[in-house]
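Scope of the values below: all heavy atoms of this structure, side chains included, with no hydrogens, waters or symmetry mates. Below, chain A is the first sequence line, B the second, and so on; all start at residue 1.
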Amino acid sequence: MDKRVDKMWSQTKIEQFQKALLEWYDQEGRDLPWRQDHDPYHVMVSEIMLQQTQVQTVIPYYHNFIAKFPTVAALAAAPEAEVLKAWEGLGYYSRARNLQTAAKQVVQDYDGVWPQTAAELQKLQGIGPYTAGAIASIAFGEPVPAVDGNAFRVFARLFKIDADIAQPKSRGIFADVIQQVMPKDRPGDFNQAIMDLGSTYMRAKDPDPAHSPVAAFDQSYLDDVVLDYPVKTKKAKPVVKHYFALGIHSEAGWLFVQRPSTGMLGDLWMFPLINQDDLPESALEAEAIESASAQFAEESGLTLEFANAGAPLVKHTFTHQQWQMTLLTAETPTTTLKYLPARWVPVDQLDSLTLPTVQKKLLAALGLEQK
DNA sequence: CAGGCGTGGAG
DNA sequence: TCTCCAAGCCT
């Protein structure tokens, strides 16, 4: 029985809440790079970067990205490889490709004139209900909620809403409440104030509700049950996968292959990987690996060795998977590429490719980290 | 709808 | 070392 909110505030209380929140925001709101103006392009880039990513991580990426792609037209016209390079290390790489697709949509489908409502903005690739609400309210003043993790947490506590925020159907409950309490004349500031509140006094860990500017409106605080909210079911643990990672070297450099556009680390470059869990039980020795590696270079018969005279296990944990990789190396006399997309890359040009963090760990295990 | 999709920081 | 994240979206 996920009940709706049983005690909505009076109009008077709503106005008092708005006043307390916005006066605090005007005084104490964070001065962030993307708050210099309300340019929809700036708002879009920052909001996409901020998805599942902390503010302090985003700031340097944002500066670099805007410097490199100053306008929506510049982003639309850029080579995809440059966009991915600007995203390197930020994670969730489909965001970068979707962001460029959205830029192309604005330029081509809308002739460079931004759609100005959340409903229209949500048609852009990579822009869902939250981001559409954020852009529409901040850049265009549309009175629509922007329901992100902060808004879920803040309003779950304010109203003691016990709907599970991990379930998509809960979004509407929160959106309805927010719609009722947001001021129609400052929707963008209101949504941003909620985010600031959710990252300070009403943060997930170690909150300080007593000193919140809206403490008097916080029912979870008044009832001393703050940490019971929001209600959120837990995610599954990462599945462990075992790989052989092949460091194949020639006079032309190291062999890299580009990952498929769909799925994990799409379009990024890595050493060839062989899924150890797929190999027959009897084939865990170098012979099996060698035969599998032949698909990546013209010449088979490579002699693979455990890197660094051992069996280094490189570990990397993603949201849903943990990779445990045994790093093997081989020297080959040929520089022919049998299957594309693949490239030989000299050590001094490693930074010309977009490499995921897991690949950087493999390079580090070979003593080849850059910078 | 449930599951896939990265990373670095904090406790 | 381990857990849980932090301004979600796509299929």
Could you pull out all donor-acceptor pairs under 3.5 Å where a side-chain atom in residues 27-40 of chain A meets a protein atom, sequence neighbours excluded?
unit_1: Arg30(A); atom_1: NE; unit_2: Asp196(A); atom_2: OD1; d: 3.0
unit_1: Arg30(A); atom_1: NH1; unit_2: Ser199(A); atom_2: OG; d: 3.3
unit_1: Arg30(A); atom_1: NH2; unit_2: Asp196(A); atom_2: OD1; d: 2.7
unit_1: Arg30(A); atom_1: NH2; unit_2: Ser199(A); atom_2: OG; d: 3.3
unit_1: Arg35(A); atom_1: NE; unit_2: Gln192(A); atom_2: OE1; d: 3.0
unit_1: Arg35(A); atom_1: NH1; unit_2: Arg30(A); atom_2: O; d: 2.9
unit_1: Arg35(A); atom_1: NH1; unit_2: Asp196(A); atom_2: OD2; d: 3.0
unit_1: Arg35(A); atom_1: NH2; unit_2: Asp196(A); atom_2: OD1; d: 2.9
unit_1: Asp37(A); atom_1: OD1; unit_2: Asp39(A); atom_2: N; d: 2.9
unit_1: Asp37(A); atom_1: OD1; unit_2: His42(A); atom_2: ND1; d: 3.0
unit_1: Asp37(A); atom_1: OD2; unit_2: His42(A); atom_2: ND1; d: 3.1
unit_1: Asp39(A); atom_1: OD1; unit_2: Tyr41(A); atom_2: N; d: 2.7

Check: Trp269(A) ring centre to Arg259(A) NZ or CZ under 6.0 Å, with the angle to the axis within 45°?
Finding: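 No, Arg259(A) and Trp269(A) do not form such a contact.
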Using a strict heavy-atom distance below 4.0 Å, which residues from [range] are in contact with DNA chain C?
{"range": "residues 141-155 of chain A", "result": "Asp148(A), Gly149(A), Asn150(A), Arg153(A)"}
{"range": "residues 18-28 of chain A", "result": "none"}
{"range": "residues 32-43 of chain A", "result": "Leu32(A), Trp34(A), Arg35(A)"}

Who are the side chain to side chain contact (heavy atoms under 4.5 Å, CB included) partners of [X], not counting sequence neighbours?
{"X": "Val106(A)", "answer": "Val72(A), Trp114(A), Leu124(A)"}
{"X": "Ala81(A)", "answer": "none"}
{"X": "Pro213(A)", "answer": "Trp24(A), Leu197(A), Tyr201(A)"}

Show me the donor-acceptor pairs, under 3.5 Å and distance only, between side chains in residues 225-244 of chain A and residues at least two apart or in other chains.
unit_1: Thr233(A); atom_1: OG1; unit_2: Asp164(A); atom_2: OD2; d: 3.2
unit_1: His242(A); atom_1: ND1; unit_2: Asp277(A); atom_2: OD1; d: 3.1

Next item on the list: Starting at the 5' end of nucleotides 4-11 of chain B, put B wherever the base has a protein heavy atom under 4.0 Å, S where only the sugar-phosphate does, and a dash everywhere else.
Entry: BBBBBBB-
For the [atom1] atoms, the ones on [N] and on [M], what distance do you get once it is rounded to whole angstrom?
{"N": "dC1(B)", "M": "dC9(C)", "atom1": "C1'", "value": "14 Å"}
{"N": "dA7(C)", "M": "dC5(B)", "atom1": "P", "value": "23 Å"}
{"N": "dT1(C)", "M": "dG8(B)", "atom1": "C1'", "value": "16 Å"}

Next item on the list: Compare all side-chain heavy atoms of Val177(A) with those of Ile161(A) and state whether any distance is below 4.5 angstrom.
Entry: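 Answer yes - side chains close enough.
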Using a 3.5 Å cut-off and no angle test, enumerate the donor-acceptor pairs between side-chain atoms of residues 126-149 of chain A and protein atoms at least two apart in sequence or in another chain.
unit_1: Tyr130(A); atom_1: OH; unit_2: Glu47(A); atom_2: OE1; d: 2.6
unit_1: Thr131(A); atom_1: OG1; unit_2: Gln51(A); atom_2: NE2; d: 3.0
unit_1: Ser137(A); atom_1: OG; unit_2: Gly133(A); atom_2: O; d: 2.8
unit_1: Ser137(A); atom_1: OG; unit_2: Ala134(A); atom_2: O; d: 3.2
unit_1: Ser137(A); atom_1: OG; unit_2: Asn191(A); atom_2: ND2; d: 2.9
unit_1: Glu142(A); atom_1: OE1; unit_2: Ala118(A); atom_2: N; d: 2.8
unit_1: Asp148(A); atom_1: OD1; unit_2: Asn150(A); atom_2: N; d: 3.2
unit_1: Asp148(A); atom_1: OD1; unit_2: Ala151(A); atom_2: N; d: 2.9
unit_1: Asp148(A); atom_1: OD2; unit_2: Asn150(A); atom_2: ND2; d: 3.3

Checklist line | 5′-ward residue of the pair Leu124(A)/Lys237(A) relative to DNA chain C | finding: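 Taking each residue's closest nucleotide, the earlier one in sequence belongs to Lys237(A).
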Checklist line | Nearest-nucleotide 5' precedence on DNA chain C, Lys232(A) against Thr131(A) | finding: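 Closest to the 5' end, via its nearest nucleotide, is Lys232(A).
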Note to self: Of all nucleotides in DNA chain C that come within under 4.0 Å of a heavy atom of chain A, which is furthest toward the 5' end and which toward the 3' end?
What the structure shows: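 The contact span of chain A on DNA chain C goes from dT3(C) to dC10(C).
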Notebook entry, point to check: Which is true for Val58(A) with a 4.0 Å heavy-atom rule: it touches a base, it touches only sugar-phosphate, or it touches nothing?
Noted result: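 Touches nothing.
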Next item on the list: Could you check whether Gln192(A) gets within reach of a base, just the sugar-phosphate, or nothing at all, counting any heavy atom under 4.0 Å?
Entry: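 It contacts nothing in the nucleic acid.
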Notebook entry, point to check: Could you walk me through whether Asp223(A) and Gln219(A) pass the side chain to side chain donor-acceptor pair (under 3.5 Å) check?
Noted result: CA-CA 6 Å; Asp223(A) 294 346; Gln219(A) 198 58 47; 3.2 Å; yes
Next item on the list: Scan for salt bridge (Lys or Arg N to Asp or Glu O under 4.0 Å) pairs involving residues 200-209 of chain A, sequence neighbours excluded, and state none if there are none.
Entry: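 Non-adjacent pairs meeting salt bridge (Lys or Arg N to Asp or Glu O under 4.0 Å): zero.
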Notebook entry, point to check: Is a salt bridge present between Glu23(A) and Lys19(A), judged by a nitrogen-to-oxygen distance below 4.0 Å?
Noted result: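 So Glu23(A) pairs with Lys19(A) through a salt bridge.
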Item checked: Ring centroid separation His316(A) to Phe318(A) under 6.0 Å ->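 Ring centres of Phe318(A) and His316(A) closer than 6.0 Å.
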Next item on the list: Please work out whether the ring planes of Phe271(A) and Phe256(A) are parallel, tilted or perpendicular, with thresholds of 30° and 60°.
Entry: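 Rings of Phe271(A) and Phe256(A): tilted, 30 to 60°.
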Next item on the list: Could you pull out the closest heavy-atom pair between Gly247(A) and Leu327(A), with the gap in Å?
Entry: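 Nearest pair, atom of Gly247(A) first, then Leu327(A): N-CD1, 4.4 Å.
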Next item on the list: Give the intermediate values and the outcome of salt bridge (Lys or Arg N to Asp or Glu O under 4.0 Å) for residues Glu82(A) and Lys85(A).
Entry: CA-CA 5 Å; Glu82(A) 285 187 23; Lys85(A) 188 66 188 176; over 6 Å; no
Notebook entry, point to check: So, Tyr110(A) and Glu120(A): side-chain donor and acceptor under 3.5 Å apart, yes or no?
Noted result: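 Side-chain D/A pair, Tyr110(A) to Glu120(A): present.
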